[in-house]
Amino acid sequence: MTVVKTEINRRSFLKVSAAGSAGIMIGFNWLASCTSPGETVSIPEEWFNINAFITIADNGEVTIMSPNPEIGQNVKTSMPLIVAEELDVDWNMVKVEQAGLDTENYRRQLAGGSQSIRQGWQSLRMAGAAARRLLMEAAAKKWQVSVSNLSTDKGQIINNETGDKIGYGEIAIEAVSIPVPEEIKLKDPKDFKLIGQGVKNVDAPKIVTGEPLFGLDYMEDGATIAMIEHPPAFGMKLKSLDAEEAKAMPGIKDVFTIDTTVGEPQWSDVNAFTELVVITGESTWQVMKAKKKLKIEWEQDTPAESSTDHAKKLVDAMSQKGEVAREDGNPAKASQSASKVVDRTFSAPFLAHNTLEPMNFFANVTAEKAILVGPIQTPEYLRKSVSSLLNMPEENISIDMTRMGGGFGRRLYGHFGVEAAAISKKIGGPVKLIYKREDDLTQGTYRPAYRVNYKAALDDNGKMVAFQAKGAGIPGSPLFQDRFPAGTVDNYKVENINIDTNISTGAWRAPRSNFVAGAEQAFLDEVAEAAGKDPIDFRLELFDRAINDPVGDRNDYDPERYAGVLKLVREKAGWDNKPAGVFRGVSAYFCHNSYVAQVVDVVKEGNDLKLQKVWCAVDCGIVVNKEGAINQIEGGIIDGIGHTMYSQVNFDKGAPVQNNFDQYRLIRHTEAPPEIEVFFVENGIDPTGLGEPSLPPIAAAVANAMYQATGKRWYHQPFMIAEQEELIEVG
Amino acid sequence: MAVFTIKVNGKQHQVDVDSDTPILWVLRDHLKLVGTKYGCGIAQCGACTIHLNGNSIRSCSLPISAVGEQEVTTIEGLSEDGDHPVQKAWIEHDVPQCGYCQAGQIMNAAAFLDKNPNPSSEEIATAMNGNICRCGTYTRINKAIQTAAKNA
Ligand code: FES
Ligand code: FES
């Protein structure tokens with residue numbers, strides 16, 4: 001049992017009256033749809049606000065606030081589940097609501113870095129445990145017994161001596177006036193009833209019936225529809241605007257320009273285009289149509305870049321000296337005396353996020369306040385940016401988060417929210433800003449383009465004696481100097497080269513890892529082959545070194561857990577007894593505090609290769625919600641396969657070549673592996689992230705399996721587009 | 001602008017819109033049926049899938065002038081209480097991640113199962129190939145459709 005100091009700000013313990021509250025019907029309907037036929041739940045009449053996370057109704061219904069933005073990583077289910085676990089309630093009596101931005105009551109309301117569960121774990125448990133304690137104290141007082149004589153189960157408090165029971169809903173009114181104790185006991189993980197089981201996505205009933213949930217679905221009566229036109233190419237800016245024809249189109253209200261430059265930019269204010277043309281009107285289609293009639297002249301501001309220039313710069317970088325990020329021993333010397341050196345280069349293009357729901361935001365800015373509603377991974381930062389733009393104090397700005405049709409890092413950069421605020425201010429009324437797919441795909445914030453060269457030296461026994469990596473990226477190198485194989489080899493060096501660009505880039509699901517894991521793990525497959533060793537044995541030998549006699553003390557992974565996932569996937573996939581006709585590749589990676597190892601099975605169908613199955617072992621500590629966790633892992637695998645095989649953004653004089661899904665290839669149903677099987681390491685360690693870690697290694701597991709099937713190695717992404725390779729070989 | 005009468009989910013509606021307005025935007029902007037999603041606008045992603053006389057079509061690329069008397073069914077009208085076998089299978093398999101593509105996936109799956117009630121996994125994959133799921137829930141979608149076929 002863990003004892004923690006309470007840090008919950010116990011805001012107003014108001015009795016919330018049900019009269020006139022929309023909560024009644026929502027709550028009741030929701031329960032009606034969840035309980036099995038025949039069970040009925042009475043309609044609640046009063047609610048009691050226990051703390052910022054928990055409200056309990058007199059009928060025992062519990063509302064749990066979900067603090068973090070939901071981008072499809074399922075935190076709207078898993079975070080409240082953690083609260084419910086410590087509160088000890090029946091999940092069927094729980095209704096989840098999305099909290100708005102509220103920095104007083106919640107911490108880190110941000111979706112990114114696979115950190116929601118890891119960083120929320122303690123405070124969510126505390127919120128549940130503290131509420132349970134208050135309810136128990138209230139019952140103890142009522143029954144005139146000590147709290148130690150009481151226990152709880154499924155929303156009821158039980159008097160262990162008499163067997164008397166009282167529901168949370170019946171005692172909640174007493175609990176609101178009890179002060180929060182200074183210390184709270186948390187459950188022993190072995191007593192968990194909900195965590196580790198699977199509960200369904202709380203929004204699934206609404207998703208499958210098409211109820212409004214997403215940013216694009218949010219609309220207020222009287223709001224104007226707005227769209228933007230940004231420069232067609234990076235490096236260009238607005239020269240002149242002729243809006244006459246567009247303005248004369250039916251339903252069009254106005255055309256104007258806005259400047260969204262934020263006075264005090266933060267990391268999240270990434271935006272290549274701050275001066276935009278805006279067109280407003282009555283309906284989406286009318287605005288879309290009139291948008292085509294805008295006559296805009298653009299002019300060159302900074303130099304136009306093309307993919308051929310990028311390729312040349314990346315190739316050139318490989319022969320330059322980089323900034324040395326880490327050097328152990330003397331890799332150059334060790335390589336000279338080695339019996340074999342493997343030297344390979346890998347590359348990958350820019351990628352767009354392509355959340356299926358395009359960027360959009362609602363804003364209503366008046367002289368006194370600003371109300372913003374929409375899909376944003378970083379509401380706290382958006383509020384700061386809007387505050388700076390409008391010159392309005394943050395406390396006058398409210399932000400509500402809708403469910404998001406995907407994030408992948410794209411909605412960390414909230415320029416669309418800033419733009420909506422600027423437009424609303426300009427027109428003096430509520431506005432709904434909508435990006436067309438083309439506006440979204442050509443706006444930037446792309447995953448950077450990368451190139452990495454690896455050199456490994458082997459001695460006569462096939463032992464790796466030196467490992468060198470040189471990484472270049474536009475704009476930044478993808479390498480992590482203290483990750484594996486750092487610590488496993490005496491002579492080790494990492495060099496970085498950063499190449500400037502005017503193309504805007506940003507975090508894309510598992511930043512840097514999303515490329516470098518695939519490159520490194522495909523390279524090690526070749527090194528293992530050169531060493532004449534099984535690729536899993538080869539890696540395990542390296543981990544042995546890191547476990548028993550690590551080189552350096554900055555290595556940022558736990559070699560035992562790393563080796564653990566490899567051993568687990570080896571056992572589960574039957575690696576040592578491979579079925580006939582199946583070609584296999586393996587890969588493993590550690591990022592976002594979680595360990596993942598994968599085996600991919602490929603079969604030949606005529607001249608085609610088919611991905612048949614992915615085996616995936618994961619160590620993310622305690623698994624909070626098993627089915628949701630597996631879904632995340634499957635999604636990361638399919639996302640990773642798709643972008644490795646098919647996707648790219650290229651540039652022609654600064655203009656993105658791909659602007660919609662007819663040219664930007666996303667993975668489709670027939671291309672996804674029909675089977676994915678996931679295995680978790682059970683270790684009781686506090687949970688770590690799952691939104692990203694399954695994506696990075698899969699590129700190599702696929703490449704290594706395809707090599708077994710074809711004898712061809714795959715170095716340049718996207719694997720299925722040959723032109724990319726030619727492009728890269730320029731120079 | 002012209003006045004059109006269309007039948008959506010069993011009810012007649014009159015709307016006054018440009019005749020080239022895609023039915024997607026009529027549903028979303030004018031009838032406030034926002035379950036049908038916009039993803040690409042060029043018939044590439046399937047997020048906007050609805051039924052026209054029981055056939056699945058891309059509503060972003062069908063102008064209202066082409067609808068006429070034909071019956072439009074959207075995700076909101078697929079079943080009375082969300083209990084269509086496909087919807088139930090979606091919940092059972094916990095399919096959605098972000099959920100944005102799922103209305104289109106469900107509509108396409110429902111129309112497909114009407115025509116092919118006992119599909120193989122490969123037939124499902126081929127039939128669903130026009131519907132992009134950016135979150136990568138394809139494996140689950142495939143299994144959910146197999147379950148829906150069994151329970152229909
Ligand atoms: S929005 Fe219609 S197919 Fe993409
Ligand atoms: S669930 Fe997100 S696009 Fe399919």
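We name chains A, B, ... by the order of the sequence lines, and we start the count at 1 in each one.
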Which of residues 659-671 of chain A get closer than 4.5 angstrom to chain B, counting heavy atoms alone? A/N660, A/F661, A/D662, A/L666, A/I667, A/R668, A/H669, A/T670
I need the B/C98 SG to A/D203 CG distance, nearest 0.5 Å. 11.5 Å
Pair count under 4.5 Å, heavy atoms only, with chain A: among B/P22, B/C45, B/C101, B/G77, highest is B/P22
Look at A/E70, A/R509, A/Q632 and state which one has the largest set of heavy-atom pairs under 4.5 Å with chain B. A/Q632
Taking the side chain as every heavy atom from C-beta outward, state whether B/D29 and A/W285 have any atom pair closer than 4.5 Å. no
Distance from B/I75 atom CD1 to A/I207 atom CD1, nearest 0.5 Å? 11.0 Å
Looking only at B/D20, B/I106, B/N142, most heavy-atom pairs under 4.5 Å shared with chain A are made by B/D20
A/E675: what forms a salt bridge (Lys or Arg N to Asp or Glu O under 4.0 Å) with it, not counting sequence neighbours? B/K143
Other residues, nucleotides and ligands only: do more than 12 of their heavy atoms fall within 6.0 Å of NZ on A/K613? yes
Which of B/P96, B/G82, B/S121 touches chain A most, by non-hydrogen pairs under 4.5 Å: B/P96
Using modelled atom types only, decide if a donor and an acceptor are shared between the side chain of B/D94 and the backbone of A/N201 within a distance under 3.5 Å. yes
Distance, nearest 0.5 Å, that separates OG1 of A/T284 from NE2 of B/H30: 7.5 Å
Take a 6.0 Å sphere around CD of B/Q12 and say whether it holds more than 12 heavy atoms from other residues, nucleotides or ligands. yes
Which pair of non-hydrogen atoms, one from B/Y100 and one from A/G405, has the smallest distance, and what is that distance? CB-CA, 3.7 Å
Measure the spacing between CD of A/E357 and CZ of B/R134 and express it to the nearest 0.5 Å. 13.5 Å
Specify which of A/M288, A/E438, A/K76 makes the most heavy-atom pairs with chain B at under 4.5 Å. A/M288
Options B/M128, B/Q102, B/E76, B/R28, ranked by heavy-atom pairs under 4.5 Å with chain A, top entry: B/R28
For the NZ atom of A/K436 and the SG atom of B/C40, what is their distance to the nearest 0.5 Å? 11.0 Å
Quick one: does A/P674's side chain get under 4.5 Å of B/Y138's, heavy atoms only? no
Compare all side-chain heavy atoms of A/Q286 with those of B/W25 and state whether any distance is below 4.5 angstrom. no
Max heavy-atom pair count under 4.5 Å with chain B, selected residue of A/I71, A/T209, A/I630: A/T209
Using non-hydrogen atoms only, which part of B/N129 is less than 4.5 Å away from chain A: side chain, backbone, both, or neither? both
At a 4.5 Å cut-off on heavy atoms, which part of A/V614 comes close to chain B: side chain, backbone, both, or neither? neither
Nearest atoms (heavy-atom pairs only) where B/G39 meets A/P358: O-CG, 4.4 Å
Heavy atoms only: give me the nearest B/A47-A/L356 pair and the separation to one decimal. CB-CD2, 4.4 Å
Got a donor-acceptor contact below 3.5 angstrom from the A/N631 side chain to the B/V95 backbone? yes
Tell me if a side-chain donor or acceptor on A/D639 pairs with a main-chain N or O of B/G136 at a distance below 3.5 Å. no
Can you say whether A/P250 sits under 4.5 Å from chain B via the side chain, the backbone, both, or neither, judging by heavy atoms? side chain
Tell me, for A/M219 versus chain B, whether the close heavy atoms (under 4.5 Å) come from the side chain, the backbone, both or neither. neither
Please rank A/H353, A/E282, A/E211 by heavy-atom pairs under 4.5 Å with chain B and give me the top one. A/H353
Mark yes when over 12 heavy atoms from residues, nucleotides or ligands other than A/K253 sit less than 6.0 Å from its NZ; otherwise mark no. yes
Could you tell me which portion of A/I637 (side chain, backbone, both or neither) has an atom closer than 4.5 angstrom to a non-hydrogen atom of chain B? neither
For side chain to side chain contact (heavy atoms under 4.5 Å, CB included), just list the numbers for A/K289 and B/T21, CA-CA rounded to whole Å, side-chain angles, deciding distance to a tenth of an Å, and then say yes or no. CA-CA 9 Å; A/K289 256 169 76 176; B/T21 309; over 6 Å; no
